[in-house]
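Submitted below is the structure of interest, expressed as structure tokens.
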Number of protein chains: 4
Amino acid sequence: MTALSLDQASVIVDGALKYARENGLKPLAIAVLDARGAQKFFLAQDGTSLKRGEIALGKANGAIALGVGPRTLNKMALERPHFINGVALSVGGPVVPVPGGALIRDPGGNLIGVVGISGDTSDNDEAAALAGIAAAGLTAETGG
Amino acid sequence: MTALSLDQASVIVDGALKYARENGLKPLAIAVLDARGAQKFFLAQDGTSLKRGEIALGKANGAIALGVGPRTLNKMALERPHFINGVALSVGGPVVPVPGGALIRDPGGNLIGVVGISGDTSDNDEAAALAGIAAAGLTAETGG
Amino acid sequence: MTALSLDQASVIVDGALKYARENGLKPLAIAVLDARGAQKFFLAQDGTSLKRGEIALGKANGAIALGVGPRTLNKMALERPHFINGVALSVGGPVVPVPGGALIRDPGGNLIGVVGISGDTSDNDEAAALAGIAAAGLTAETGG
Amino acid sequence: MTALSLDQASVIVDGALKYARENGLKPLAIAVLDARGAQKFFLAQDGTSLKRGEIALGKANGAIALGVGPRTLNKMALERPHFINGVALSVGGPVVPVPGGALIRDPGGNLIGVVGISGDTSDNDEAAALAGIAAAGLTAETGG
């Protein structure tokens with residue numbers, strides 16, 4: 001298993017910011033966690049609301065906790081809200097089960113981290129995450 | 001009341017693993033708690049996600065907390081979500097109110113522990129738990 | 001009050017990393033919070049331990065919580081441990097009352113954020129924070 | 001980085017139990033976490049007290065959180081109790097800063113997990129951990 005490097009995380013965040021700028025997205029909070037669930041990189045653009053960062057972190061933390069993409073977590077929450085509510089109360093840290101990020105896999109398919117973004121629509125947040133992961137030459141898994 | 005012994009817990013876990021192997025289940029986290037709610041045995045197979053263990057523990061902890069099988073807890077969460085949410089916030093430790101385990105009773109009917117499993121579907125997780133408890137010559141209570 | 005901008009936070013972090021590189025510090029986690037206590041910027045260099053980020057965040061969060069520099073918080077913890085322990089249990093989020101960061105003030109003396117760093121000795125962590133804040137043309141308050 | 005396998009964790013626990021049996025140790029709780037801080041293997045021998053497992057988990061969790069051996073954490077707690085108290089309140093999960101376990105490194109020196117044991121004296125707990133890690137052909141780091 002390769003560890004997600006700070007250089008890779010920086011490229012992911014820069015790629016997401018570039019996408020946001022070119023597409024006129026609202027101010028974003030962007031969180032990148034490694035495979036341990038530890039924060040590797042985080043930033044909040046000017047104008048983000050007080051707890052916007054927790055939403056971004058919650059998308060990332062929830063996905064890596066269960067090893068599924070944020071869209072899958074969203075679907076699970078719709079189908080079995082009591083299960084995902086239990087998960088949110090049980091795994092530690094924020095859990096926000098909606099789209100807006102992706103698991104990060106290395107070329108060998110190993111899970112090496114996760115991105116969570118919040119600030120614009122869930123779809124736009126996700127598009128920014130995908131742009132960032134592609135910029136780093138890594139594979140994104142949004143689930144579905 | 002007989003106490004759940006480490007030997008019994010080992011037989012339960014081995015029986016669950018045997019079932020999982022023979023039926024091609026995904027990697028499992030398996031938690032066995034004694035009648036006090038204390039962890040007696042836990043293992044996570046290779047490939048389990050970051051917080052899979054907390055899900056298994058949450059199934060077991062929630063069931064022993066109220067003294068009902070996981071299926072009963074699941075039903076309660078569907079019928080009275082505010083109650084089980086309050087329980088989850090109140091009892092300490094993880095609570096995940098879905099099937100995938102069983103209370104363990106001795107031949108006299110005494111509650112001596114609980115098994116929680118997570119990794120495959122809830123039904124398959126439960127089937128592995130039942131196989132393990134049967135291998136130990138004990139009685140499983142899944143609720144319903 | 002001027003708000004701490006993402007540009008300023010980036011300059012602070014880059015300045016701290018430059019100091020760390022030039023002085024051979026161990027891998028650092030660097031956290032910058034704004035005046036609301038919201039994360040503005042965070043990164044963990046390659047090789048940081050699992051919860052190193054929480055230590056950096058705890059230095060920053062504790063200082064901004066009480067509006068005192070980390071050295072003052074450290075002194076308070078030594079003189080009145082029951083008080084700082086109560087604070088840690090009460091304010092939400094991590095609190096680690098040791099040196100290794102600084103409050104950030106704008107040219108008018110307004111509190112606009114805080115830096116917390118962890119990875120090397122507390123003194124070296126603090127020196128990196130001071131280098132970063134100076135690079136941004138802002139004023140650091142370590143307390144004492 | 002090699003991931004700690006369940007087979008390796010099993011060998012470590014069996015080795016610790018063998019040492020305990022041969023040296024007449026009191027009933028032990030034994031916890032093995034992987035590099036993510038996730039539980040890989042846990043068991044409590046018959047006769048362990050209600051929260052003995054949390055002590056074992058706290059030794060392991062505290063060491064992996066900071067990436068130092070339990071003896072180093074013990075020393076830090078003696079020298080700077082307010083620091084380790086802050087860490088304990090900030091990192092999530094139990095933290096018990098006393099000897100009785102060791103970080104686990106692979107032949108390449110990579111940190112792949114941690115063992116925490118509680119039940120007998122700290123020195124005996126540690127000796128059992130070292131016997132287990134040696135049985136798996138891995139390297140133990142107790143700190144000091």
Side-chain angles (χ1 to χ4, degrees), chain C residues 26-29 31 33 44-63 65-66 70-101 116-123 125-126, chain D residues 1 3-4 31-40 57-73 75-97 101-106 108-116 141 143:
Chain C
K26 292 182 186 165
L28 302 181
L33 312 184
Q45 293 191 281
D46 299 338
T48 48
S49 69
L50 184 62
K51 297 292 183 183
R52 184 59 59 186
E54 274 70 16
I55 314 300
L57 286 162
K59 293 182 184 183
N61 187 51
L66 297 196
R71 283 195 180 275
T72 300
L73 205 66
N74 181 62
K75 198 178 165 205
M76 293 165 84
L78 289 171
E79 291 173 355
R80 293 200 297 162
H82 64 292
F83 173 53
I84 296 302
N85 192 51
V87 168
L89 290 168
S90 301
V91 300
V95 171
V96 182
V98 298
I117 297 183
S118 181
D120 206 285
T121 65
S122 287
D123 287 350
D125 295 341
E126 180 187 78
Chain D
M1 192 177 84
L4 179 72
V32 182
L33 313 183
D34 65 20
R36 305 174 299 179
Q39 264 198 118
K40 192 71 188 173
L57 285 162
K59 293 182 184 183
N61 187 52
I64 198 89
L66 296 197
V68 300
R71 285 196 177 274
T72 300
L73 205 66
K75 197 180 166 206
M76 295 166 83
L78 289 170
E79 291 173 354
R80 293 201 297 164
H82 65 296
F83 173 53
I84 295 303
N85 189 52
V87 168
L89 292 170
S90 299
V91 300
V95 171
V96 182
L103 297 178
I104 310 167
R105 294 191 182 276
D106 69 14
N110 299 300
L111 179 63
I112 59 170
V114 62
V115 182
E141 178 182 333

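The basis for the numbers below is simple: all heavy atoms, side chains too, and nothing from hydrogens, waters or symmetry mates. Proteins come first, then strands; the chains are lettered A, B, ... in the order of their sequence lines, and each starts at number 1.
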Contacting region of C:N74 [heavy-atom separation from chain D under 4.5 Å]:
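Both backbone and side chain.
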D:L89 side chain reached by C:V96 side chain, heavy atoms, under 4.5 Å
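Contact flag for C:V96/D:L89 side chains = no.
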Name the option with the most non-hydrogen atom pairs under 4.5 Å to chain C; the candidates are D:G86, D:S90, D:G92.
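Max contact count across the listed options: D:S90.
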D:R36 versus chain C, heavy atoms under 4.5 Å apart: side chain, backbone, both or neither?
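Just the backbone, heavy atoms under 4.5 Å.
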Closest heavy-atom contact between D:V87 and C:I55?
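Nearest heavy atoms, D:V87 then C:I55: CG2-CD1, 3.6 Å.
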What option among C:N85, C:T48, C:I84 has the most heavy-atom pairs under 4.5 Å with chain D?
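The answer is C:N85.
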Closest heavy-atom pair and its distance - C:K51, D:V91:
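Heavy atoms only, the tightest pair is CE-O, 3.2 Å.
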Report which part of D:L66 has an atom under 4.5 Å of a heavy atom belonging to chain C: side chain, backbone, both, or neither.
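Both parts, backbone and side chain.
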Please tell me if the side chains of D:H82 and C:P81 come closer than 4.5 Å, counting only heavy atoms from C-beta onward.
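A side-chain contact is absent here, since even the closest heavy-atom pair is not under 4.5 Å.
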Closest non-hydrogen atom pair, D:A65 against C:S49:
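Shortest heavy-atom separation between D:A65 and C:S49 comes out as O-OG, 2.9 Å.
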Part of C:S118 within contact of chain D (heavy atom distance under 4.5 Å):
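No part of it gets close to chain D.
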